[in-house]
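One structure below.
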Amino acid sequence: MVQFLNSRRAFLKSASYKITMLTLGSGVLPVLAAEAEPLLDPLPESILAEEPLIKPKPLVQKKLGIALVGLGGYSGGQLAPALQETEHCYLAGIVTGTPQKAIDWKAKYNIPTGNIYDYNNFDEISKNQDIDIVYVVLPNALHADFVVRAAKAGKHVICEKPMAVTVEDCDRMIAACEEAGKMLSIGYRLHFEPYNREMMRLGQKEIFGKIKTIEAYDGMGDTNGWRLDKKLAGGGPLMDVGIYCVQACRYTTGMEPIAVTAIEGIKKKPEKYKDVEESLSWTLEFPGGIIANCKTSYTQDMNLLRMNAEKGWAQLSPAYPYRGQAGETSEGKMDFPSVNQQARQMDDFAMAIMEGRPTPVPGQMGRQDVKILQAIYKAMETKQRVEIK
């Protein structure tokens with residue numbers, strides 16, 4: 001059994017200390033293109049009817065192995081189960097600072113002992129040919145270091161959102177992956193969810209004419225743990241669920257915001273939220289006079305994305321959950337199948353690697369979101385309009 005040199009608690013404590021020593025300080029790609037039409041005319045039926053002299057061997061496609069770094073609620077509740085449904089990748093390894101989790105996950109998912117790592121021996125993953133992709137699912141401020149380490153270990157990387165807590169960290173992550181010749185993707189699952197993809201189409205194609213306003217709200221009734229620690233989280237609900245609103249505005253318009261104003265909400269629980277904002281409202285300005293009004297909170301449940309255009313409207317409510325989206329437009333209800341967003345997200349990244357094509361949710365997209373998040377915080381703190389350049 002792997003020797004765990006530090007507990008998760010000790011790891012987070014140490015990481016939090018190191019982060020106190022630091023200063024916390026690309027546009028949206030289009031939706032996935034439809035499958036291309038065949039370039040050649042169909043073969044004549046007479047040829048198709050003939051028995052080939054040599055029968056081709058069936059193609060065997062390799063599944064790529066994914067190692068999850070950090071076995072918290074999202075890994076355990078969403079990613080690991082999703083990896084039981086994926087077609088092009090599978091759960092190959094884990095990285096954890098908690099020995100009991102290693103024991104439990106090994107038994108539950110039949111993970112080989114040699115594919116189990118802790119945070120100290122993580123770099124030895126470079127020698128493991130079973131693992132092609134590392135998925136970083138740690139507190140926000142730890143993303144950068146582990147993405148860089150994964151890239152140096154020769155692995156492709158998925159990083160959970162937000163990509164990092166500073167633009168400088170994002171740059172470091174992108175550079176490390178480029179230098180290693182490895183792909184970097186951000187865990188933006190909603191780019192693979194049918195209702196949100198429909199909002200992209202309706203907005204970017206101007207199906208109801210030019211967009212006039214957007215409303216994007218995402219909040220939850222409570223939170224706890226490292227999300228209350230600014231050194232680890234980088235901020236409050238804006239960094240956690242508010243980022244979905246920023247993403248939604250970007251992929252609905254297909255544009256980048258040019259300025260922002262923001263107001264922090266009154267704290268109902270000032271002792272609990274002494275280090276981070278409890279709630280926040282902000283307004284993004286887009287080219288063409290489009291205005292997006294957004295809200296996020298750790299004490300109020302909210303889940304809405306609405307687009308108002310010249311000739312109609314469209315909205316999702318709820319818009320951002322792991323499942324259960326519902327939508328309608330001025331012409332009627334949307335009707336799309338429910339899908340496993342995380343499975344689709346990870347499968348697409350695996351296929352992007354095997355096909356040698358870009359991921360639709362690259363590191364540059366994550367960097368742009370962090371840049372916008374930092375502008376929102378600056379507007380909140382200064383109470384001034386902040387241009388986003």
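Everything numeric in this text was worked out from a predicted model, so none of it was measured.
With sequence neighbours excluded, the residues satisfying ring-ring contact (aromatic ring centres under 6.0 Å, His included) with Phe122 are Phe146. With sequence neighbours excluded, the residues forming a side chain to side chain contact (heavy atoms under 4.5 Å, CB included) with Ser279 are Ser297, listed by chain and number. Checked against ring-ring contact (aromatic ring centres under 6.0 Å, His included), Tyr90 has no partners two or more places apart in sequence or in another chain. Considering only residues two or more places apart in sequence or on other chains, Pro270 meets the side chain to side chain contact (heavy atoms under 4.5 Å, CB included) condition with Lys267.
Checking Glu124 against Asn121 by side-chain atom types alone, no donor-acceptor pair falls below 3.5 Å. Counting only N and O atoms by type, the side chains of Gln345 and Tyr188 include no donor and acceptor under 3.5 Å apart. Looking only at atom types and distance, the side chain of Tyr74 has a donor-acceptor partner in the side chain of Gln342 under 3.5 Å away.
Lys231 and Asp275 are not joined by a salt bridge, as no carboxylate oxygen comes within less than 4.0 angstrom of a charged side-chain nitrogen. No salt bridge links Asp132 with Lys182; every basic N to acidic carboxylate O contact stays at or beyond 4.0 Å. A salt bridge links Arg172 and Asp169; the closest N-O separation between the charged side-chain nitrogens and carboxylate oxygens is under 4.0 Å. For the pair Lys212 and Glu310, the salt-bridge criterion is not met [side-chain N within less than 4.0 Å of a carboxylate O]. Salt bridge status for Lys274 with Glu271: absent, with no side-chain N to carboxylate O gap under 4.0 Å.
Contact between Asp301 and Gly221 at its shortest, heavy atoms only, is OD1-N, 3.0 Å. When every heavy atom of Val157 is checked against every heavy atom of Ala151, the shortest pair comes out as CG2-N, 4.2 Å. Closest non-hydrogen pair, Met334 versus Leu202, comes out as CE-CD1, 4.0 Å. Between Thr86 and Lys63, the closest heavy-atom pair is O-NZ, 3.4 Å. For Gly97 against Pro99, the heavy-atom pair with the smallest separation is O-CD, 3.6 Å. For the pair Asp348 and Pro360, the tightest heavy-atom approach, listed with the atom from each and the gap, is OD2-CD, 3.2 Å.
Residues Ile353 and Leu83 share a hydrophobic cluster, clusters being chains of Ile/Leu/Val/Met/Phe/Trp/Tyr side chains in contact below 4.5 Å. Under a hydrophobic clustering in which Ile, Leu, Val, Met, Phe, Trp and Tyr are joined whenever their side-chain heavy atoms come within less than 4.5 Å, directly or via other members, Tyr117 and Val147 fall into the same cluster. Both Met380 and Met239 sit in one connected hydrophobic cluster of ILVMFWY residues. Membership requires side-chain heavy atoms under 4.5 Å apart, directly or through other members. Both Met346 and Trp105 are part of a single hydrophobic cluster, where members link through side-chain heavy atoms under 4.5 Å apart. In the hydrophobic cluster analysis, where Ile, Leu, Val, Met, Phe, Trp and Tyr join through side-chain heavy atoms closer than 4.5 angstrom, Met255 is grouped together with Leu190.
Distance alone, capped at 3.5 Å, is enough to place a donor-acceptor pair between the Thr359 side chain and the Val361 backbone. With Gln368 contributing its side chain and Gln364 its backbone, the two residues share no donor-acceptor pair below 3.5 Å. Side-chain N or O atoms of Lys101 include one that pairs as donor or acceptor with a backbone N or O of Leu71 at under 3.5 Å. Looking at Ser75, its side chain does come within 3.5 Å of a backbone N or O of Gly70 through a donor-acceptor pair. Glu256 places no side-chain N or O within 3.5 Å of a backbone atom of Arg250 that could act as its donor or acceptor partner. Using a distance-only test at 3.5 Å, with no hydrogens or angles considered, no donor-acceptor pair links the side chain of Lys378 to the main chain of Gln384. Counting only distance, with no hydrogens or angles, the side chain of Arg197 and the backbone of His191 share a donor-acceptor pair below 3.5 Å. Proximity of a side-chain donor or acceptor of Glu277 to a complementary backbone N or O of Gly236 within less than 3.5 Å is detected. Although no hydrogens or angles enter the test, the distance criterion places no donor-acceptor pair under 3.5 Å between the side chain of Lys62 and the main chain of His88. Without hydrogens or angle criteria, Glu87 side chain to Asp347 main chain gives no donor-acceptor distance under 3.5 Å.
Around the CG atom of Asn110, the shell of radius 6.0 Å holds no more than 12 heavy atoms that belong to other residues, nucleotides or ligands. Remark: Arg344 CZ is loosely packed, at most 12 non-hydrogen atoms of other residues, nucleotides or ligands lying under 6.0 Å away. A 6.0 Å sphere centred on CD of Gln84 holds more than 12 heavy atoms belonging to other residues, nucleotides or ligands. Within a 6.0 Å sphere centred on CD1 of Ile263, other residues, nucleotides and ligands contribute 12 heavy atoms or fewer.
Residue pairs meeting the side chain to side chain donor-acceptor pair (under 3.5 Å) criterion with at least one member in residues 329-340, sequence neighbours excluded: Glu85-Asn340. Pairs passing the ring pair (Phe, Tyr, Trp, His ring centres under 6.0 Å) check and including a residue from residues 361-384, sequence neighbours excluded, do not occur.
Considering CD of Glu198 and CD of Gln325, their distance stands at 13.5 Å, rounded to 0.5 Å. Here the SG-NZ distance, from Cys245 to Lys295, works out to 11.0 Å after rounding to the nearest 0.5 Å. Taking SG of Cys294 as the reference point, atom CG of Asp218 lies at 10.5 Å (rounded to 0.5 Å). Annotation: the span from Leu142 atom CG to Glu160 atom CD amounts to 13.5 Å, rounded to 0.5 Å. Rounded to the nearest 0.5 angstrom, Leu91 CG and Leu68 CG are separated by 5.5 Å. The CD atom of Gln247 sits 8.5 Å away from atom CD1 of Ile372, with the distance rounded to the nearest 0.5 Å.
Between Tyr320 and Tyr244, the ring planes lie parallel to each other; the angle is under 30°, not in the 30° to 60° tilted range.
Under the 6.0 Å cut-off for aromatic ring centres, Phe192 and Phe349 do not qualify, their centroids lying 6.0 Å or more apart.
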